[in-house]
Every structure is written in structure tokens, then in C-alpha cells.
*Asks:* 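Input: one structure, supplied below.
Residue numbers count from 1 along this sequence. Note that the structure is a prediction, hence the values are computed from the model and not measured.
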Amino acid sequence: NILKSGGAIMIENPFGGKVAIGSATFVEIGSGGKGIVTAQHVAEIQSLVPVSLSVCSFADMNDCIELNDNYIMDTSESIATDWAVFEIESFPESAKPAKVRKRLPPIGEEIIICGIPQGYTPWLSYGYVGYVWLEDNIPIIGVDGFAFFGSSGGGVYDSEGYLIGVTSAISASEWGPIEDKVLVTPITNIPMF
């Protein structure tokens, strides 16, 4: 079910086809509204270069919908507020919205990270909540786990499959990502949840 609620944010490749630039999660917003939640730094590529975005379901990467450039986001430059929400008319047929947990996870809780690292294959990675800290009185979840470039915006779930946040940042060295350094924007930071 976790993979069914995930999706890849895609842009048109100038040489043909589509390329994944990040990850997203299908969610219900408001009273029955539909949307996808992702990281702000993934969504705002539309304002930086003239591209159109679509989202493809992890359950069927050929099941895609176009995203308009009308989305809600926090405009501050902070990991705690690195989120964007696109309102959509309908979910892809193969997608299923995530169940959302509206409280912060305790330290030590097992988690699952969902994303499309390097834009190739949807995957799940396991870890646990290592710490929660406040940045300007807004929480950030520190995960001891593993994510890779392209996982940004992907859902982070508790062990029962509830969405608790989105991947915002990873630590990396010149050799690639460093395990145990994944930063998550909690779903509780997003006003429509």
C-alpha cells in the first residue's frame, strides 16, 4: 500500500520521454479534496525553468497526470517548511491515497522511506526516528536511515503505514549519500493536515 500512495515527479526530457526529478505522495486534503504532497524544492522547479510537471504512480509508472503550476507552498528557505501541495482533480487509477498520522513520531520509532532515488526505480528503505528538533519553533524529524538524490518529496511512513512526513534533505559526501542522515519535514507542519 505504501508504494501505491507514492509517485514520481516527472519533467519532459528534451531528448524524448520523461525523467523523474523527485518523489511525491498522493493524499486527501480538506474534506474529500485530492492532492499530492512533495518537497518545495522539487515543486518550484516550474518557477525556475520553463518545464511542465506530471506525477506518475509508483504502482504503474505509465499511469500519470499533469500537474498545474498552481500549488501551495511555504516560501521560506527552511527544511522545516520544505513542502508543497498540488491540488489535483483525480488520482491516477493505480494510486491510492496515503493515510496520514497527525502527530510527531516518538524517538526510536521504526519508519519507512518511499521514493525514486536517482529517478530509476521506486523503492522502500527502513530506519528509525533518531531525533526531533525545532527550527524557529517548527519541528524537523531526523531519521537514521537511507535515502538518495531523487527521494526528495517522497513519503516517510510509520511502521503501520501512516504518512508522517516528506523527505527534505540528506547528508552527502563526495562519494554519495551518508547513511543515518535523512531530514524529514513532518506532515504536521503542513496547514491542510
*Asks:* Do you reckon Ile65 sits in the same ILVMFWY cluster as Val42, going by side-chain contacts under 4.5 Å, direct or chained?
*Replies:* yes

*Asks:* Is the backbone of Glu160 close enough, under 3.5 Å, to the side chain of Asp158 for a donor and an acceptor to pair up by distance?
*Replies:* yes

*Asks:* For the residue pair Ile29 and Glu87, what are the closest heavy atoms and their distance?
*Replies:* CD1-CG, 3.5 Å

*Asks:* Looking only at side chains, do Ser5 and Thr25 share a donor and an acceptor under 3.5 Å apart?
*Replies:* no

*Asks:* Quick one: are Met73 and Val85 in side-chain contact, heavy atoms under 4.5 Å?
*Replies:* no

*Asks:* Looking at side-chain heavy atoms only, is the closest gap between Lys102 and Ile187 below 4.5 Å?
*Replies:* no

*Asks:* Heavy atoms only: give me the nearest Ser152-Thr38 pair and the separation to one decimal.
*Replies:* O-OG1, 4.3 Å

*Asks:* Please determine whether a side-chain nitrogen of the Lys or Arg among Lys4 and Glu93 lies less than 4.0 Å from a carboxylate oxygen of the Asp or Glu.
*Replies:* no

*Asks:* Is there a continuous path of hydrophobic side-chain contacts, each under 4.5 Å between heavy atoms, that joins Ile107 to Tyr128?
*Replies:* no

*Asks:* Where do Tyr131 and Leu183 come nearest, in terms of heavy atoms and distance?
*Replies:* OH-CD2, 3.7 Å

*Asks:* Is the closest side-chain heavy-atom distance between Ile21 and Leu53 below 4.5 Å?
*Replies:* yes

*Asks:* Could you tell me whether the side chain of Phe91 reaches within less than 4.5 Å of the side chain of Pro97, counting heavy atoms only?
*Replies:* yes

*Asks:* For atom NZ of Lys96, decide whether the heavy atoms of other residues, nucleotides or ligands shown that lie under 6.0 angstrom number more than 12.
*Replies:* no

*Asks:* Can you name the closest pair of heavy atoms from Ile36 and Phe26 and give their distance?
*Replies:* CG2-CD2, 3.4 Å

*Asks:* One pair to check against side-chain contact (heavy atoms from CB on, under 4.5 Å): Phe58 and Ile116. What are the steps and the verdict?
*Replies:* CA-CA 9 Å; Phe58 283 161; Ile116 189 161; 3.8 Å; yes

*Asks:* Do Thr188 and Leu104 touch side chain to side chain, with heavy atoms closer than 4.5 Å?
*Replies:* yes

*Asks:* Sorted by first residue and then second, give each side-chain hydrogen bond (donor to acceptor under 3.5 Å, both in side chains) pair with at least one member in residues 109-125; sequence neighbours left out.
*Replies:* Arg101-Glu109

*Asks:* Given Phe86 and Asn70, is the side-chain contact (heavy atoms from CB on, under 4.5 Å) satisfied, shown in steps?
*Replies:* CA-CA 7 Å; Phe86 288 85; Asn70 219 358; over 6 Å; no

*Asks:* Among Thr185, Val184, Asn189, exactly one meets side-chain contact (heavy atoms from CB on, under 4.5 Å) together with Pro139. Which residue is that?
*Replies:* Asn189

*Asks:* Measuring from Ile140:CD1 to Trp133:CH2, what's the distance to the nearest 0.5 Å?
*Replies:* 4.5 Å

*Asks:* Can you find a pair of side-chain heavy atoms, one from Val166 and one from Val156, that are under 4.5 Å apart?
*Replies:* no

*Asks:* Side chains of Ile9 and Ser23, heavy atoms from C-beta outward: is any pair under 4.5 Å?
*Replies:* no

*Asks:* Counting heavy atoms not belonging to Lys99, are there more than 12 under 6.0 Å from its NZ?
*Replies:* yes

*Asks:* Report the residues that fulfil ring-ring contact (aromatic ring centres under 6.0 Å, His included) with Tyr162, sequence neighbours left out, ordered by chain and then residue number.
*Replies:* none

*Asks:* State whether a side-chain donor-acceptor pair under 3.5 Å links Glu12 with Ser52.
*Replies:* no

*Asks:* What distance separates Thr167 OG1 from Ile141 CD1, expressed to the nearest 0.5 Å?
*Replies:* 10.0 Å

*Asks:* Let me see the working for Ile88 and Leu67 under side-chain contact (heavy atoms from CB on, under 4.5 Å), right down to the final yes or no.
*Replies:* CA-CA 7 Å; Ile88 56 178; Leu67 296 174; 3.8 Å; yes

*Asks:* Answer whether the closest heavy-atom distance between the side chains of Leu124 and Ile113 falls below 4.5 Å.
*Replies:* no

*Asks:* Can you pull out every disulfide bond (SG atoms under 2.5 Å apart) where at least one residue sits in residues 33-95? Sequence neighbours excluded, please.
*Replies:* Cys56-Cys64

*Asks:* For the pair Ser90 and Lys34, evaluate side-chain hydrogen bond (donor to acceptor under 3.5 Å, both in side chains) and give the outcome as yes or no after the intermediate values.
*Replies:* CA-CA 6 Å; Ser90 62; Lys34 296 172 177 56; over 6 Å; no

*Asks:* Measure across Ser168 and His41 and return the closest heavy-atom pair with its distance rounded to 0.1 Å.
*Replies:* O-CE1, 3.1 Å

*Asks:* Just wondering, are more than 12 heavy atoms of other shown residues or ligands nearer than 6.0 Å to CZ in Phe193?
*Replies:* yes

*Asks:* Could you tell me which non-hydrogen atom of Ile138 sits nearest to which non-hydrogen atom of Ala80, and how far apart they are?
*Replies:* CG2-CB, 3.6 Å

*Asks:* Judged by modelled atom types alone, do Ser94 and Asp60 share a side-chain donor-acceptor pair under 3.5 Å?
*Replies:* no

*Asks:* Which value, rounded to the nearest 0.5 Å, describes the distance between Ile112 atom CD1 and Tyr126 atom OH?
*Replies:* 5.0 Å

*Asks:* Would Thr81 and Asp136 count as a side-chain contact (heavy atoms from CB on, under 4.5 Å) if you check the C-alpha gap in whole Å, the side-chain angles of each, and the deciding distance to 0.1 Å?
*Replies:* CA-CA 10 Å; Thr81 55; Asp136 298 325; over 6 Å; no

